[in-house]
Asker: 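Take this structure, written in structure tokens, and hold onto it; I'll ask about it next.
Residue numbers start from 1 in every chain, and the chains themselves are labelled A, B, ... in the order their sequence lines are given, proteins ahead of strands.
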Amino acid sequence: MDVLSVRNVYEDAERAKDKKAPIGADVTIENFTDETLNAIDMIDDLDDLNRQTKKDLLKVGVDTDEKNRSGSFLQVDQSNIFTNNAMSNSVEVMNIGVALDKYKWLEDYIWNVVKPDADKYTAKTALREQKDGINSGYFVRSLPGTREVMPVQACMFIGEEGIMQTAHNVIIAEENSELHLITGCATGDDISSAMHVGVSEMYLKPGAKITFTMVHNWAEQVEVRPRTGVKLMDNSTYINNYILTSPVSTLQSYPTAYCDGENSRAIFQSIQGGKKDSIIDVGSRVLLNAKGARGEVISRAVSQDESKIYSRGHLAGTVPEVKGHLECHGLVLDDDSFIYAVPELEASSANLEMSHEAAVGKISEDEINYLTSRGISEEDAESMIVRGFLNMDITGLPDELAEQTQNMIDMSVEGM
Amino acid sequence: MLLEIENLAVEVAGKKVLKNINLSIGEGETHVLLGPNGAGKSTLFLTILGFPQYKVVQGSIKFKGQDITELTTAERVQLGIGVSFQTPPSIRGVSVRDLLKIESHQDMDEDLNPRMKELADQLKFSDEFLDRDVNYGFSGGEVKRSEILQLLAQMPDFTMFDEPDSGVDIENVELIASEIGTLLDKDKPQGSRKRSGLLITHLGYILNFVSADKAHVLIDGVISCSGNPTEILEDIRKNGFNGCVECAQCL
Ligand SMILES: Nc1ncnc2c1ncn2[C@@H]1O[C@H](COP(=O)(O)OP(=O)(O)O)[C@@H](O)[C@H]1O
Ligand SMILES: [Mg+2]
């Protein structure tokens, strides 16, 4: 705790506890209750979960059989009920509290790439930590020089009505290592309203690679505010895949990658399907702060059933010889739905290359007609086009994971 | 008659494009529709197919004895009509393989059936090619061959081809023509052919490779003459479409 108090984390948080986020609807945190830390007992095996929960987890990519996984972590409400750290010699998976006890140096990585006073949600997370200790969330680390192709799976699950779940995750890929994560967030079937704030801080040491694939499946009245920061050192590569195709109340996130190392590279790929009055505000930001750094932000958004999607992207080049590309495509399926694409390019140096491509519109009639001329009904033609539009090829995953991820996307997109 | 068009008039985007069209195609027959650019050939094709923008303001279209004028495109296709487009759109995320499965009534979860794979091979498509998004970045020849391959998956009773030879090199025209032959039962003796078709071409080039039973010339939205394909084509080659205009005036 020493390092954190020296750094004034809690004072900063205290000051920011009413600070509205710059974008996204303002959520009244007080409407949600703080669930007691570790109120739920640990389980010995993911198999001990009930059938419905298993199904809910599978939908967000978390396999309770732990097949083709290198580790597992499950947090339900405010309790870390399962951790499996024994599956790989290359990666460590622990509760963040356990990890902080084990590694003194880990404190340097806490509240470093995400600021406690960023807004009231980060502040709330920090203040809760001040009270309860840093005990919610996971720590995942790949050891230097290792390459584990199987992913670690981590899941945040909300099982109690009306609660506010917070988590603080730290992911570190040590020098020249490769680490893959599948993280799923979901709510139990009987939950109507809740709130989730997940603070995630990721660090890529020189030559490291992380792929981070996140699937969200919230309930219709859940407020979601993930806060993610990624720090990239020399020659490292970060690939973020985000998939949301189920309804939510409001969701706002703007993960930011700091390409501070030379030739570092960050890629954000996201698939957003807006349904049932959801208000989704998802952006990705890459700061290109070192020579040879590259950033790519690619998103596909489809809005229907009176949903609103704000699809943001921001690339900022601060030094010469960096490259960035932003691509944002949206389909609006009915008159009551809405997509607002905000691609931003910012260059504060000469001799850099940044481009963007944005297109928002309705489904092409020519494409529908073409499919109907093959005997496909208009309705089926529309959903085929939507699924095809969302089903982008995810790049950068090892073969073993690419197929699984594709299946996850297929499954998410199937219901659109 | 398999297809019977009576006294048809069609409007597109508020403009009258086709007038007084009468056309009947019997079982086992192949007809050609000739005519200069802008005459209304594609409009007739898309009206028979039932695209929503093409408004039938007069007359009717019957297929297999049923009035199909009010049916949707998908319903017409399910009755046994198939088409190959001149310039089809590309669709991201929809592969040729997906379409072939749907067209050959296969389950999407199954592997593509061996017969389709063989046909793809015949049309010079590799297995990887089938996973490409349909028409996306295809060459002119690839577009046409993919259209024909999809028709081979459907094997419609009545097939319409809109300019199947345009933008295709000579070698591919012969390949395409041979598959059109398959779709139109050309390998069978004339009397026992079942499948019928309408070939649309403004150059008539494809007719060097596919035989037709009857030709129609469309000029300014009107069928100006109908008759023996060889004779009409010879006349057009000698006198251009002007001859047909005069011919219509004689009628
Ligand atoms: N979708 C459309 N919108 C507006 N005009 C159209 C449309 N389709 C066809 N037309 C018009 O109808 C006429 C016939 O076109 P088309 O049927 O494409 O001729 P062809 O196939 O014989 O070259 C042209 O004047 C064309 O501009
Ligand atoms: Mg035409």
Asker: Using non-hydrogen atoms only, which part of E365(A) is less than 4.5 Å away from chain B: side chain, backbone, both, or neither?
Answerer: side chain

Asker: Might you point out which heavy atoms bring V77(B) and G375(A) nearest each other, and give the distance in Å?
Answerer: CG1-N, 3.4 Å

Asker: Select one option (side chain, backbone, both, neither) describing which atoms of N369(A) are under 4.5 Å from chain B's heavy atoms.
Answerer: both

Asker: Find the one option among Q154(B), Q53(B), E147(B) whose heavy-atom pairs under 4.5 Å with chain A are most numerous.
Answerer: E147(B)

Asker: Please indicate whether E378(A) has more than 12 foreign heavy atoms, meaning atoms of other residues, nucleotides or ligands, lying under 6.0 Å from its CD.
Answerer: no

Asker: Measure S95(B) against the heavy atoms of chain A and call it side chain, backbone, both or neither at under 4.5 Å.
Answerer: neither

Asker: State whether the number of non-hydrogen atoms from other residues, nucleotides or ligands found under 6.0 Å of K124(B) atom NZ is greater than 12.
Answerer: yes

Asker: Does Q406(A) CD have over 12 foreign heavy atoms under 6.0 Å away?
Answerer: yes

Asker: Within a reach of under 6.0 Å around CG of D335(A), are more than 12 heavy atoms found that belong to other residues, nucleotides or ligands?
Answerer: no

Asker: How close do Y370(A) and F51(B) get, heavy atom to heavy atom, and via which atoms?
Answerer: N-CZ, 4.3 Å

Asker: Does E70(B), at its CD atom, have more than 12 non-hydrogen atoms belonging to other residues, nucleotides or ligands within less than 6.0 Å?
Answerer: no

Asker: Is the number of heavy atoms from other residues, nucleotides or ligands under 6.0 Å of K323(A) NZ greater than 12?
Answerer: no

Asker: In terms of heavy-atom pairs under 4.5 Å with chain A, which of R92(B), Q150(B), Q78(B) leads?
Answerer: Q150(B)

Asker: Can you tell me if R374(A) uses its side chain to pair, donor with acceptor, with the backbone of V83(B) under 3.5 Å?
Answerer: yes

Asker: Are any side-chain N or O atoms of E367(A) and backbone N or O atoms of I91(B), one a donor and one an acceptor, separated by less than 3.5 Å?
Answerer: no

Asker: Would you indicate whether R97(B), at its atom CZ, is surrounded by more than 12 heavy atoms from other residues, nucleotides or ligands within a distance under 6.0 Å?
Answerer: yes

Asker: Relative to chain A, which segment of E75(B) carries a heavy atom at a distance below 4.5 Å: side chain, backbone, both, or neither?
Answerer: neither

Asker: Check each atom of D133(B) against the heavy atoms of chain A and say whether the ones under 4.5 Å are side chain, backbone, both or neither.
Answerer: neither

Asker: L371(A) and side chain to side chain contact (heavy atoms under 4.5 Å, CB included): which single residue from T73(B), L99(B), I102(B), V134(B) fits?
Answerer: L99(B)

